[in-house]
Amino acid sequence: MTRTPEPTGRLLRAGDGVDLVLTRTFRAPVEDVWASVTDPERTARWYGRWEGDAAPGRTIKVQLAYEDQAPWTDMRIDACDAPVRLALSATDEVGAWHIEVLLAATQDGRTELRFVHHLTDADGVAEIGPGWEYYLDMLVASRDDTPQPDFDDYYPAQRPYFEAQATAL
């Protein structure tokens, strides 16, 4: 059965570029959610494993477990302010990637995760947005021990939503 997950991403103007912002909320303390996005055993469950000396200014190798052929890529740790902010960058054949994960405790004991992909413009967001929606739902599934989502439910179904976000800028 095919389902179409509801997209949550929104595009916001930011300086000279555009930010793609997606959020998820977890019934867990910030430190536990932080471990889900930084501990290599836990990231392997939803994004991919990583290896290397993780520290600001250092480069780690990340295996993109849910991409074709599970490639390895170099990611630079631009900032790491545990347990509230992780900023990473990478360059590949598509271009430069600048992402941030921001965590905040809510008054009811939950943690809000805000994922920000800093873009130079909205070009390609119709492909990028569904991918990040999928990965963040993979994070939710890994934390809740529920079945993993199917990427085919995200793309191309969410493409029109993200095209509309780009047009509205």
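Reckoned from all heavy atoms, side chains included, excluding hydrogens, waters and symmetry mates. Keep in mind the model is a prediction, meaning the values are calculated, not measured.
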- Indicate yes or no for a side-chain donor-acceptor contact from Arg76 to the backbone of Gly57 under 3.5 Å, with no hydrogens or angles considered. yes

- Do Leu20 and Ile128 have side chains that get closer than 4.5 Å, going by heavy atoms? yes

- Are Thr23 and Phe115 side-chain neighbours, meaning at least one heavy-atom pair lies under 4.5 Å? no

- Task: Run through the side-chain heavy atoms of Ile, Leu, Val, Met, Phe, Trp and Tyr, join any pair under 4.5 Å, and report what else lands in Trp72's cluster.
- Result: none

- Heavy atoms, side chains only, cut-off 4.5 Å: are Leu139 and Leu113 in contact? yes

- Derivation and outcome, salt bridge (Lys or Arg N to Asp or Glu O under 4.0 Å), residues Arg24 and Asp137: CA-CA 8 Å; Arg24 299 293 185 274; Asp137 285 350; 3.0 Å; yes

- For Asp68, the side chain to side chain contact (heavy atoms under 4.5 Å, CB included) test, sequence neighbours excluded, returns none

- Task: Output every pair passing ring pair (Phe, Tyr, Trp, His ring centres under 6.0 Å) with a member in residues 73-92, not counting sequence neighbours, ordered by first then second residue.
- Result: none

- Take atom CG in Asp16; do more than 12 heavy atoms of anything else shown fall under 6.0 Å from it? no

- ring-ring contact (aromatic ring centres under 6.0 Å, His included) partners for Phe151, two or more places apart: Tyr134

Anything under 3.5 Å between a donor and an acceptor, one on a side chain of residues 161-169, the other on a protein residue two or more places apart or in another chain? List them.
{"residue": "Tyr161", "atom": "OH", "partner": "Gly9", "partner atom": "O", "Å": "2.6"}
{"residue": "Glu163", "atom": "OE2", "partner": "Arg159", "partner atom": "NE", "Å": "2.9"}
{"residue": "Gln165", "atom": "OE1", "partner": "Leu11", "partner atom": "N", "Å": "2.9"}
{"residue": "Thr167", "atom": "OG1", "partner": "Glu163", "partner atom": "O", "Å": "2.9"}

- Kindly write out the residues that satisfy salt bridge (Lys or Arg N to Asp or Glu O under 4.0 Å) with Asp32, not counting sequence neighbours, or none if the list is empty. Arg42, Arg143

- Message: When you compare the side chain of Ile77 with that of Ile60, does any pair of heavy atoms fall below 4.5 Å?
- Response: yes

- Query: By ring-ring contact (aromatic ring centres under 6.0 Å, His included), which residues pair with Tyr47, not counting sequence neighbours?
  - Reply: Tyr135

- Listed partners of Thr111 passing side-chain hydrogen bond (donor to acceptor under 3.5 Å, both in side chains), at least two apart: none

- Check whether any side-chain heavy atom of Val37 sits under 4.5 Å from a side-chain heavy atom of Trp46, and report yes or no. yes

- Message: Strictly distance-based, threshold 3.5 Å: is any side-chain N or O of Trp132 a donor or acceptor partner for the main-chain N or O of Val21?
- Response: no

- In terms of side-chain heavy atoms, does Asp74 have a donor or acceptor partner in Thr59 at a distance below 3.5 Å? no

- With sequence neighbours excluded, tell me which residues meet side-chain hydrogen bond (donor to acceptor under 3.5 Å, both in side chains) with Gln158. none

- Same apolar cluster (I L V M F W Y, side chains within < 4.5 Å links), Leu86/Val116: no

- Task: Write out all pairs satisfying salt bridge (charged side-chain N to carboxylate O under 4.0 Å, His left out) with one or both partners inside residues 97-119, taking only residues at least two apart or from two chains.
- Result: Arg85-Glu100, Asp108-Arg110

- Residue set satisfying side-chain hydrogen bond (donor to acceptor under 3.5 Å, both in side chains) with Asp121, at least two apart, ordered chain then number -> none

- Message: Taking Asp152's backbone N and O only, do any of them form a donor-acceptor pair with Asp150's side chain (distance below 3.5 Å, no angle check)?
- Response: yes

- Inter- and intrachain pairs under ring pair (Phe, Tyr, Trp, His ring centres under 6.0 Å), touching residues 85-107, at least two apart: Trp97-His117

- Task: Assess whether side-chain hydrogen bond (donor to acceptor under 3.5 Å, both in side chains) is satisfied between Tyr66 and Gln148, documenting all intermediate values.
- Result: CA-CA 11 Å; Tyr66 301 96; Gln148 294 180 340; 3.2 Å; yes

- Are Leu22 and Leu102 in one and the same hydrophobic cluster, where Ile, Leu, Val, Met, Phe, Trp and Tyr link if side-chain heavy atoms are under 4.5 Å apart? no

- Query: Is there a donor-acceptor pair under 3.5 Å between the side chain of Gln63 and the backbone N or O of Ala70?
  - Reply: yes

